[in-house]
Amino acid sequence: MRVRFAPSPTGHLHIGGARTALFNYLYARKSSGTFILRIEDTDEDRSTQESVKSIYESMRWLGLAWDEGVMADGTEKGAHGPYVQSVRESQGIYRKYADGLIAEGRAYRCYCTPEELDETRKKAQLEKRPLIYGGRCRNLTEEQKKEFEARGRKSVVRFRMPDTGFTGWHDSIHKDVKFENKLLSDFVMLKTSGYPAYNFACVVDDHLMEISHVIRGDDHISNTPLQICLYNALSWALPEFAHLSMILGPDGTRLSKRHGATSVGEYRKQGYLPETMKNYLALLGWSTTDSQQIFKKGELEEKFDLKGCQKSPAIFDPVKLAWMNGEYIRLLSREDMLAFSMPFIKESGLDPSASKIPLLDIVALEQEKCKLLAELPGKIEFFFKDPVYNPEAVEKTLKAPEVTKILNGIKEAYAALAEFKEAPVEAATRAFAKANGYKAGQVFHPVRVALSGRAEGPTLFRMIEYIGKEESLKRLDKALTLI
RNA sequence: GCCCCCAUCGUCUAGCGGUUAGGACGCUGCCCUUUCAAGGCAGAGAUCAGGGGUUCGAAUCCCCUUGGGGGCGCCA
């Protein structure tokens, strides 16, 4: 069993592409098959090497290791290479099959210019006919061809579609699908540049690479009959086809930039864990029969199945994604939490050496409530630098009655502490409250705001211990001036 | 315009002829609690898009309508 993910490197790996890659990967792992990565860079204008790099990186980050294709070090692995279409083109692979089909009369050279094609499309539109290529160049005489060439006309190679009958297949997800041949266009196999067009390159490579299951987005459903006709013309066996439902934005339209982040890299930057993305994406269009939500390491690889795939499109829900990220963050060990947080802390410019407390301990303070790693530095920054006093918190909590008295009293109590640790600080704080007839909360809240600048934060007395005695006293003084 | 695909709580979904239509996110309330979260418990939320059939019986099978999505490139 062999599957492939075949992105075109015209940008970053987006959510839809990642989901397709993931399903291919999971299906390969589940069936002990081979997962191949092929680069479809036949769009000469838009393909870039940076995109290739970016796609590799996103896939590696997601943990979608491929068995064949161009590997991390740039070398190719696998016996069915090369795995980059532009390289395959330079070896004449596609031309060879195109020539064969022309010789058999299954394909032909077409001399129509883009302008002429535009013209016929417009006409078809007006006459309310299907917008398909009508086969103007299908039966040119040798003389006509020579004339075109003498005039310097460039040509493409088109596939001659059957005029009658239907082309259909049994899709692993959509069951039986069929199209009427006469409504399908003689599609381009080779462009004027000699480069193969998608439908042709895809079929040739899938066959040569012995792909057994083509799992792709269902925006390719209408390409499938064209490709099947090609397989037939070349007398090649068909692979299984499985067309995955689309992923839509919250407004039900195709996921795009205006819905926010669309690429895997952007989610990484926001502080989503790779396991979160993998798990969430898996649930977009697939489910187990018991609707399991969270999967342990390796469990998806074990449970994934084409049978659980959904036919209907799924709307991408950032809120649920964020919830799931919180779940995965809580599952992290303290050490892993620190490791995943580190890039975000560095990025924020915080200086961990500004505190005597190990960063590990400070980060652990926020782990269980953290949803996005990118939010973490903001939550812990007051451990490393002067607090920024939240105006609302100052107004509501610091300017409450008695607060001046309370903070002065607390200052005295803290100054007298020999051991500035969580337990003694708590004991001292509670003792002060009790001795002066304050309710616990009446003291705790202003102290929190005075020391951190905000109304919410980590468990109070641990927080105070971590801020340290000297700094705490300093901040109490500062807060007193704000009242 | 033509072709194709799809249709269960707001969202992701289970269901595959007989269920009180189940779970998850979100939402509401309560508990826990120094705050914010997290966690625990409870709850609201779906006449299964609508209409016809088939059947003793339909969310499940068939047809039509409506709605949504995709495709109709020398892009993939």
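Residue numbering restarts at 1 for every chain, and letters A, B, ... go by the order of the sequence lines.
- Rounded to a whole angstrom, the distance from the P atom of B:A46 to that of B:U11 is 12 Å.
- Atom P of nucleotide B:C74 and atom CD of A:E44 are separated by 14 Å, given to the nearest angstrom.
- Nucleotide B:C36 holds its P atom 17 Å from the CD atom of A:E375, rounded to whole Å.
- The 12-atom threshold is not exceeded at CZ of A:R136, counting heavy atoms of other residues, nucleotides or ligands nearer than 6.0 Å.
- If you take atom P in B:C62 and the same atom in B:U55, they sit 16 Å apart, rounded to whole Å.
- Both A:R129 and A:C309 sit near RNA chain B, but only A:R129 has its closest nucleotide nearer the 5' end.
- The shortest distance between side-chain heavy atoms of A:L101 and A:Y108 does not fall below 4.5 Å.
- Residue contacts shown for A:L460 include a base, since a base heavy atom lies under 4.0 Å away.
- In terms of polar N and O atoms assigned as donor or acceptor, the side chain of A:K128 never comes within less than 3.5 Å of the base of B:C2 in a complementary pairing.
- Checking B:C6, B:C36, B:A76 against every side-chain atom of A:Y198, the shortest atom distance belongs to B:A76.
- The gap from the C1' atom of B:U65 to that of B:A7 amounts to 13 Å, rounded to the nearest Å.
- Heavy-atom nearest nucleotides on RNA chain B were determined for A:F461 and for A:L117, and the one closer to the 5' end corresponds to A:F461.
- Nucleotides B:G10 and B:G1, compared at atom C1', are 34 Å apart to the nearest Å.
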Taking N or O atoms only and anything under 3.5 Å, show me the protein contacts with nucleotides 24-29 of chain B, one pair per line.
unit_1, atom_1, unit_2, atom_2, d
B:A24, O2', A:Q293, OE1, 3.1

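- With hydrogens and angles left out, the side chain of A:T459 and the base of B:U35 share no donor-acceptor pair within 3.5 Å.
- Remark: of the listed residues A:F23, A:Y27, A:Y280, A:F295, A:F295 is the sole one forming a ring pair (Phe, Tyr, Trp, His ring centres under 6.0 Å) with A:W286.
- Among the heavy atoms of the strands, none lies under 4.0 Å from A:K154.
- With a cut-off of 3.5 Å on both Watson-Crick or G-U wobble distances, the partner of B:C48 is given as none.
- Backbone-only engagement by A:G285 is indicated by non-hydrogen atom pairs under 4.0 Å involving sugar-phosphate atoms exclusively.
- Across the protein-nucleic acid pair, A:E456 atom CD and B:C36 atom P stand 9 Å apart, rounded to whole Å.
- Salt bridge annotation for A:E40-A:R38: present, with a cationic side-chain nitrogen under 4.0 angstrom from a carboxylate oxygen.
- Around CD of A:E119, the count of heavy atoms belonging to other residues, nucleotides or ligands within 6.0 Å does not exceed 12.
- Pair assignment for B:C41 gives B:G29, based on Watson-Crick or G-U wobble hydrogen-bonding distances that are each under 3.5 Å.
- Here the rule is ring pair (Phe, Tyr, Trp, His ring centres under 6.0 Å) with A:F159, and of A:Y97, A:F187, A:Y133 only A:F187 fits it.
- Remark: A:K307 is not in phosphate contact with B:G15, judged by side-chain N or O atoms under 4.0 Å from OP1 or OP2.
- Spacing between B:U35 and B:U8 at atom C1', rounded to whole Å, works out to 41 Å.
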Q.
Please encode protein proximity along nucleotides 60-73 of chain B as a string of B, S and -, counting only heavy-atom distances under 4.0 Å.
A. ---------SSSSS
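- In this structure, A:R430 reaches the sugar-phosphate backbone alone: every heavy-atom distance under 4.0 Å involves primed, P, OP1 or OP2 atoms, never a base.
- No contact: A:A440 has no heavy atom under 4.0 Å from any strand.
- Between B:A21 and B:C41, the two P atoms lie 24 Å apart (nearest whole Å).
- A:E40 comes within 4.0 angstrom of the backbone, heavy atoms only, and of no base.
- Rounded to the nearest Å, the gap between the C1' atom of B:G29 and that of B:U60 is 36 Å.
- Heavy-atom minimum distance, A:C229 versus A:M161: SG-CE, 3.6 Å.
- B:G1 is paired with B:C72 under the Watson-Crick or G-U wobble criterion, all donor-acceptor distances under 3.5 Å.
- Among the atoms of the strands shown, only primed sugar atoms or phosphate atoms (P, OP1, OP2) are found under 4.0 Å from some heavy atom of A:T42.
- Residue contacts for A:P225: at a heavy-atom cut-off of 4.0 Å it reaches no nucleic acid atom on any strand shown.
- The side chain of A:A314 lies closest to B:C12, out of B:C12, B:U35, B:C5.
- Using a 4.0 Å cut-off, some side-chain N or O of A:Q310 falls inside it from OP1 or OP2 of B:A14.
- A side-chain hydrogen bond (donor to acceptor under 3.5 Å, both in side chains) with A:Y111 is found for exactly one of A:R153, A:K145, A:E149, namely A:E149.
- If you check every strand for non-hydrogen atoms under 4.0 Å, A:T192 touches a base.
- Here B:A14 sits opposite no nucleotide as a Watson-Crick or G-U wobble pair (both hydrogen-bonding atom distances under 3.5 Å).
- Ion pairing between A:E392 and A:K396 fails under the 4.0 Å rule for side-chain N and carboxylate O.
- Regarding A:Y328, its OH atom lies at a distance of 18 Å from the P atom of B:A38, rounded to whole Å.
- At whole-Å resolution of the value, CG in A:L372 and P in B:C36 are 20 Å apart.
- Using a 4.0 Å cut-off between charged nitrogen and carboxylate oxygen, A:D218 and A:K311 do not count as a salt-bridge pair.
- Nucleotides B:C12 and B:G69 place their P atoms 14 Å apart, quoted to the nearest Å.
- In this structure, A:H12 places its NE2 atom where only 12 or fewer heavy-atom neighbours from other residues, nucleotides or ligands lie under 6.0 Å away.
- Between the side chains of A:R46 and A:T10, no donor-acceptor pair of N or O atoms lies under 3.5 Å.
- Taking atom CE on A:M189 and atom P on B:C75, their separation rounds to 15 Å, with Å as the unit.
- Among all heavy-atom pairs drawn from A:F166 and A:K178, the shortest one is CD2-CD, 4.1 Å.
- Here A:C112 lies in heavy-atom contact (under 4.0 Å) with a base.
- At whole-Å resolution of the value, CH2 in A:W286 and C1' in B:G23 are 14 Å apart.
- Ranking B:C74, B:A14, B:C4 by closeness to the A:V177 side chain, first place goes to B:C4.
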